[in-house]
Amino acid sequence: MKCGVVLFPGSNCDHDVYHVLKHVLEQDVVYLWHEETTLKGCDFIVLPGGWSYGDYLRGGAMAALSPVMQSVREHAAKGGPVLGICNGFQVLTEARLLPGALRRNRGLKFECRDTYLRVERNDLDFTSCYRQGQVLRLPIAHGEGNYEHFPGELDRLEANRQIVFRYVAPSGEVDDAWNFNGSARAIAGIVNEAGNVLGLMPHPERCAEEVLGNMDGLGLFQGLVQPALRLVGAAR
Amino acid sequence: MTPPSPVSPKTAPPAAAEPVVTEQLAREHGLTGEEFARLLGFLGRNPTLTELGITSALWSEHCSYKSSKVYLREFPTSGPRVLQGPGENAGVVDIGHGWVAVFKMESHNHPSFIEPFQGAATGVGGILRDIFTMGARPIACMDSLSFGELDAPRMRSLIDGVVRGIGTYGNCMGIPTVGGETRFHAGYNQNILVNAFALGVARRERIFKAKASGPGNPILYAGSRTGRDGIHGASMASESFDAESQKKKPTVQVGDPFVEKILLEACLEAMRSTAIVAIQDMGAAGLTSSIFEMAARGQIGFVLDLDKVPLREPGLSAYEMMLSESQERMVLVVKRGREEEIARVYRKWGLEVATVGELRSGSRAEIRHRGKVAAEMPIAPLTDDAPVYERPVAMPADLARRQQAPEVPEVQNPTATLEALLATPELASKEWIWRQYDHTVRTNTVIGPGGDAAVLRLKGTPSGLAMTSDVNPVYCGLDPRRGGMQAVAEAVRNLACVGAEPVGVTDCLNFGNPENPEILWQFREAVRGISEACRAFEVPVISGNVSLYNETEGRSIPPTPTVAMVGVIDNLGEMPVAHFRKAGDRIVLLGKDRAEFGGSVYLRLLHGIEQGMPPAVDLAAEARLARLLRQAIAGSAVHTAHDLSEGGLALALAESCIGGFGGGNEGAAGLGARIEVDLTPLDLFSETQGRALVAVAPARLERLMRLAEENGVPALEVGEVGGTDLVIAADGATLSASVARLHEIWSTALPKALGF
Amino acid sequence: MRAKVTVYPRREILDPQGKAIRTALQRIGFAEVGEVRAGKSFEIDLGPVEPQAAAERVAAMCEQLLANTVVEEYAIEIVGEAPAGAKRSADEGKTS
Amino acid sequence: MRAKVTVYPRREILDPQGKAIRTALQRIGFAEVGEVRAGKSFEIDLGPVEPQAAAERVAAMCEQLLANTVVEEYAIEIVGEAPAGAKRSADEGKTS
Ligand SMILES: Nc1ncnc2c1ncn2[C@@H]1O[C@H](COP(=O)(O)OP(=O)(O)O)[C@@H](O)[C@H]1O
Ligand SMILES: [Mg+2]
């Protein structure tokens, strides 16, 4: 599968995602410069983390307006898979490809730490290598990851099963003490209604290799690029 | 550009509206009478204001090292792995597999005290530029922070600002901050220290230098525009003649990490071409130091046309442009005719680039502005032949008294004593700080903050890099030589605890006023201690930085020679951690206690006594311990390794129990230990050096003991990992506490004390 | 013309920063402080342009970039050329 | 009384945010945009108090907490009780 990693000035997790796709999963990967107007025939688009354009106004606000995002929009409209990680998630919300907004962490401080995520649904390609309800350990590193939306809209997300990952305690229970950025409904990651655009704040690419002591993030990429590995009998 | 016709120095006219330079004005610029005479001497005329500014910058302690040079020569700076020692933007060592590590540490103390957020941020920005200037991609930062007492004026906001500044800059750049140190001591109430370390990696053959060469080669300027940032002399000197300038306060340098990030990418991309002859970042004293130093290294002259320099606001004088410390700027020397090839790269990244001058044969600098010659000077007398002083030194008058062995109060209740120590900001968890630093970006972090040394894997190789930063200013204050040795020894120990072999040292020597003989004595002794230890461990000093005049109202900081050491792990096997991992593991204490309390945290934090000789440093024994640890870990026989430092055995055991608390791992509920030692309750807090704790599976115990014997390291099995309590049975009293409680005290103490 | 824009979190949305500042102000002795809203402000030079047209352009800037209308609301004020000199003291401030 | 406070970087000091926003606005077609300054704004409820006294209190808040006067300057406006209703459109905005 041909993968494209979008590169905005200020992206800084681009190499990390590229490394996992290229050297861990041995996929065909290219970088897509923010001024590109095509996706070079990529099937799978990743918006990596970082501080695109400095993120001076709001995370992702300026990147959402860059030329390449027009192509990403069209790709998504055609049902092509798009994954936004951290700043990439912010870009997707600012571009209105995903609902809601990511605001400053509850504690108003940057938080770098491991979090525990519960897989709320594994009937998406993205999560097809995880078990329903499986608890993953994924690191976060952000200052603006506090997911916000209006109560009514949050209810809609629940109803549409658009909430894919929630921050939980290691036991798997939702627990405010483990929701470090204060996200509404402990939301760590959501998907669009069509199910092909996923955004999450934690960093799967940072825990996809044995040497780093944690492989929990690898499945998220495998689900897309290695369909053979999808769990059989997953509730789909 | 076409070089303007040379003018003879005699006829160099002072730019309009500039004051005539007098000895008085020179003194306000920090030049002594002799230094001013020296300037007049080689100039053969009165300097222009710009020339005075340039001279004051290049002859400043910061640029010239005039008080410290003679002592720094004592450092061992060479070795089989060293590709570049001190003298370039950063040092370079070979780390195998065709890779080199490029690293350096630098201080940003004064700016951080004025404006903590920007001061610390631009400190990180500066050290990162030093690294990528060499052609290396930065992959890790560390920060060594020295703060005053929390209740000292402004201290809490200083701490908050510094930590946010370091975090914001590194996080935005996407470079993990993987380690550091934080201390609190009244000696820093009016002079905090912010020392930033950065490390980059590059292919062996892709290293760039800042040595200008090739007459006629153009000089390029790339990055942010020049503003009136950080020009202190400027406003001072201007007021006398410029009504406008009354308003111009010396302005704080503001960092733009986003620009630095694209500058980093643009530089690394430009460096793939063969058009770059030399490249240098603009740090302290901006254009002046960068261009003069490049020219001096290449023993070549240059002409600079300031009208070509991109400005942020109109109307900067030549003086201001030459001294501006605007951030995120680079100077390049490019092969003639290939400017565009390089410029195109910077423009692609959205950066400004301009040709601002060119190299010229000869040895003189000519700086033109608005059609006039603002400066025309020989380069060597300002750089290589700058003044060097051998100032008087004197052992502090009160030293003998302070070194007298103090009365050491007995420990009544070891549990209470341990809990009291864990509750001090000094020894409590620094998590509140390093949580604000992205320490996992770039996906190399195998061990991040919280252990003895940070460990990064080296992508594409089986190897890893380890790094640590250490110094104990209290020890240094009581005996700077021993303190210097101890800093190096602890660094070696911290690296050994992750199985790493030291390959190089960078240092940041923070001291008071060198014109005070007692301070300079401290400096000399500390440097000798570091040199002696580095020789013993065969670790070269490959870069460093000196920060003097850390003094307020005659009160100097404690001598603080920060030592940052980098090590290599040939094969990243199963890594040990500093905390207990498995119930049933056998705990072995390596090294022997000698009941040493001089400068200990027990005396200082619990009894207000800062007296006595600091613990002795047996370099040979330390070397044996380090070798043993490396051998044991290489055989991946070790689950836990943690060295003993401040607070001695009790603290080390507590840290090893607490470390695994929380999360989903086995230690989640707190993994305790049962210990039995033939020590008094007081001895549990002795800070004898050369010791470490190791925990291994029972089956591996015998091998460990045999290795210890072979290496001549005293080893004693002292207990077993397990349970939810830490229980230490000592002579006459037992220390006993639940890990949960210890963790609660240790992890909440700092945020509580800060009130955040 | 110049535009002064302020952007605030919409009232239905939590404003943790405003809450934090209120607490901090009260802790350092400003007990009278009630609700605090924390937002952003921008001053934008627009060159020569009619006030009405200017307001429309700036509204577009807000919709497209300056504000995230999902969670933020904005207010625009168009002012004349008078350069907004540094205002340091309360008194001067009031006159603005 | 309520206070409206705006805090901006001092003019001679680099304003990376303003610079970035200006570039972004121009890139998305607002070519007319000149200098942009980016700052913070606060709305503070003060309860019943004399305007003059209010202004002095708020100036103190700025000096102590809201602004970092080493790098920032602030301006204060004291307004009456009228609740600042949500302002979404440019026109309403202008009337504020
Ligand atoms: N300012 C800081 N930045 C990052 N990490 C820090 C900082 N201060 C302390 N730490 C981390 O806390 C741990 C304990 O620090 P320290 O007590 O100095 O270790 P040691 O005594 O082994 O040298 C270290 O692993 C260090 O990485
Ligand atoms: Mg240690």
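Within every chain, numbering begins at 1; the chains are lettered A, B, ... in the order of the sequence lines, protein sequences first and strands thereafter. Remember, predicted model here, so these are calculated numbers, not experimental data.
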**Q** Output the residues of residues 56-90 of chain A for which the shortest heavy-atom distance to chain C is under 4.5 Å, in residue-number order; output 'none' if no such residue exists.
**A**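 Within residues 56-90 of chain A, the residues that come under 4.5 Å of chain C (heavy atoms only) are Leu57(A), Arg58(A), Ala61(A), Met62(A), Leu65(A).
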
**Q** Between Tyr18(A) and Tyr31(A), is the ring pair (Phe, Tyr, Trp, His ring centres under 6.0 Å) condition met? List the steps.
**A** CA-CA 8 Å; Tyr18(A) 185 96; Tyr31(A) 285 115; 4.7 Å; yes

**Q** At a heavy-atom distance under 4.5 Å, which candidate from Arg104(A), Arg103(A), Glu94(A) has the highest pair count against chain C?
**A** Arg103(A)

**Q** Salt bridge between Glu35(C) and Arg11(C), side-chain N to carboxylate O under 4.0 Å?
**A** yes

**Q** In plain terms, say whether Asp216(A) and Arg137(A) are close enough for a salt bridge, that is, a side-chain N and a carboxylate O under 4.0 Å apart.
**A**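 Result for this pair is no, no salt bridge flagged.
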
**Q** Would you please name every residue forming a side chain to side chain contact (heavy atoms under 4.5 Å, CB included) with Glu153(A), sequence neighbours left out?
**A** His149(A), Phe150(A), Arg156(A)

**Q** So which of Lys19(C), Gln17(C), Lys40(C), Gln64(C) has the biggest tally of heavy-atom pairs under 4.5 Å with chain A?
**A**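 Answer, by heavy-atom pair count under 4.5 Å with chain A: Gln17(C).
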
**Q** Looking at Asp114(A) and Arg206(A), is any side-chain nitrogen of the basic one under 4.0 Å from a carboxylate oxygen of the acidic one?
**A** no

**Q** Angle class for the Tyr53(A)/Phe8(A) ring planes (parallel below 30°, perpendicular above 60°, tilted otherwise)?
**A** tilted

**Q** Would you mind checking which part of Val70(C) comes under 4.5 Å of any heavy atom in chain A, side chain (CB onward), backbone (N, CA, C, O), both or neither?
**A** both

**Q** So that I can tick it off, tell me whether Arg118(A) and Glu120(A) are bridged by a salt bridge, with the cut-off set at under 4.0 angstrom between side-chain N and carboxylate O.
**A**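 Between Arg118(A) and Glu120(A) there is a salt bridge, with a charged N closer than 4.0 Å to a carboxylate O.
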
